[in-house]
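Here the structure comes first, spelled out in structure tokens, and everything after it is commentary.
All ligand and atom numbering here is 1-based and tracks the order in the structure.
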Amino acid sequence: MFKDVIVRSSGRYFPERVFTNKEYEAILDTSDEWIVERTGIKERRLAAPGETVSDMALKASLQCLERAGLEPDDVELIIVGTVTPDTIFPATANWLQGKLGNTRAWSFDLNAGCSGYVYSLNTAYNMLRNGQHRYALVVGAEKMTALSDMTNRDHCVLFGDGAACLLLEAVDPAENPQGWGIKDFYLQSDGSLGNILMQTAGGSSHPSTYRTVRNHQHFVEMQGQPVFKNAVRRMYQAVIQVLEQVNVPPEEIDWFVGHQANARIISATQRRLGVPEEKVYMNVQRYGNTTAATIPCCLDELATEGKLVAGHKVVLFTFGTGFTWGSTYLVWGETK
Ligand code: COA
């Protein structure tokens, strides 16, 4: 018999250092006005020198576990969504497990770009749903400034660093009369469009050489407009699809929580869906795009501010490199 999979707690850690658009004005041919008008972003966070993705993931995870009243060893599965791993191998999830002092879990990274969180969440959901494990820690963590070319205004202004997570628990449906938990998801990808948003070098196709470094091939390479157009179209489609699957009309949704890449992408998706602006959460203005960390960060902010409470119906939606996109429908549980 399948289990219900409920969100038990959340956590987040964003570095203290705020990097404002004004600071970019000082080093690039850009302006606060241009960045705000085209993206909605006002500032983002910067990891401290030497601060790694697993360090940030650790702080978010400890907060999440403490709120749930659990010890690190209670967790049996750790997934980290990231495209900025501490090392190519081992996985950031392995480093995180070591830093947590967890000895029970199996742990791995999931690389699906900005869709990394929704992909990770649904992977964990399936592992828990079939009864294999009770607790899973699902983290989105990124140090996007490590992939940002601070001399290239086309992309560096978009990104930031940070980590956030959710703790999932599998319970028997009889113990969950409220019907909380993850209900369904929709995930897709189109691998023919990978070259529109990528990091060329550092993998096995273009190993690191002085040439790849000199040619700035270790940074984000992106064609902004096709990403923008595909993001709106695919995220709209993903929301409609998952709501059809669960037979819930958009009017019944309390929160639409989308990947935070650009305020204009989120607003265009909201208008296309025809849902009220107040139900579509946005914090991209404060953090920029933190890739796999944006969605759990939004959920943690909403929950800790008391705006997202048990019984709320939530749709998560995302789009990213690959291209990858998808959505999740869930009923928020009683979190701490
Ligand atoms: N400051 C000032 N000018 C900038 C700039 C910056 N930071 N970045 C680009 N420009 C310039 C361009 O050089 C161009 O100049 P030109 O007209 O003289 O050639 C002009 O602004 C318009 O550029 P364009 O690319 O058409 O702007 P845009 O409205 O498409 O906005 C993005 C650019 C990147 C903000 C937008 O395309 C976007 O957000 N795309 C999605 C990116 C994304 O979310 N990636 C993460 C994936 S989930």
Side-chain angles (χ1 to χ4, degrees), residues 19-44 81-84 110-120 140 142-162 187-191 193-200 216 219-239 257-270 282-285 287-298 316-327:
F19 197 88
T20 63
N21 292 347
K22 287 277 172 206
E23 288 175 88
Y24 272 127
E25 280 184 5
I27 54 172
L28 287 173
D29 179 15
T30 190
S31 66
D32 176 51
E33 197 187 358
W34 191 96
I35 302 170
V36 172
E37 189 194 310
R38 302 290 178 118
T39 72
I41 299 166
K42 286 208 74 71
E43 59 191 39
R44 69 288 294 146
T82 190
V83 292
T84 50
L110 199 152
N111 176 340
C114 297
S115 303
Y117 201 76
V118 174
Y119 269 51
S120 298
E142 303 281 6
K143 189 172 167 180
M144 287 305 294
T145 56
L147 298 189
S148 299
D149 180 352
M150 296 302 254
T151 65
N152 185 341
R153 67 179 189 179
D154 290 347
H155 71 263
C156 72
V157 301
L158 303 176
F159 297 106
D161 304 332
L187 298 173
Q188 268 286 294
S189 61
D190 181 348
L193 300 171
N195 61 348
I196 294 178
L197 175 54
M198 68 184 295
Q199 177 193 348
T200 301
H216 293 217
F219 295 123
V220 172
E221 291 170 37
M222 178 183 75
Q223 298 167 38
Q225 287 186 5
V227 174
F228 192 108
K229 286 179 191 152
N230 274 281
V232 175
R233 187 161 67 93
R234 297 303 193 180
M235 292 202 296
Y236 164 79
Q237 179 207 348
V239 172
V257 177
H259 169 55
Q260 309 284 305
N262 179 322
R264 283 163 57 221
I265 294 178
I266 301 169
S267 296
T269 310
Q270 170 252 321
M282 221 189 294
N283 65 13
V284 69
Q285 60 278 13
Y287 300 117
N289 181 350
T290 57
T291 305
T294 66
I295 286 178
C297 171
C298 290
L316 312 178
F317 56 97
T318 194
F319 178 85
T321 181
F323 288 155
T324 52
W325 63 96
S327 53

_Residue pairs, two or more places apart or on separate chains, that pass salt bridge (charged side-chain N to carboxylate O under 4.0 Å, His left out) and touch residues 226-239_ = none

*Set of residues satisfying salt bridge (charged side-chain N to carboxylate O under 4.0 Å, His left out) with respect to E37, sequence neighbours excluded*: none

*Taking the six-membered ring for Trp and the single ring otherwise, decide whether the centroids of Y24 and F19 are under 6.0 Å apart.*
yes

*Report yes if some heavy atom in the side chain of Q199 is under 4.5 Å from a heavy atom in the side chain of V83; otherwise report no.*
no

*Hey, are the side chains of R44 and N21 touching, using non-hydrogen atoms and a 4.5 Å cut-off?*
yes

*Can you list the residues that meet the side-chain hydrogen bond (donor to acceptor under 3.5 Å, both in side chains) rule with N283, with sequence neighbours excluded?*
E301

*For ligand 1, the residues whose heavy atoms come within less than 4.0 Å (ordered by chain, then number)*: D29, T30, W34, R38, T39, C114, R153, D154, V157, L197, M222, G224, Q225, V227, F228, H259, A261, N262, R264, I265, N289, F319

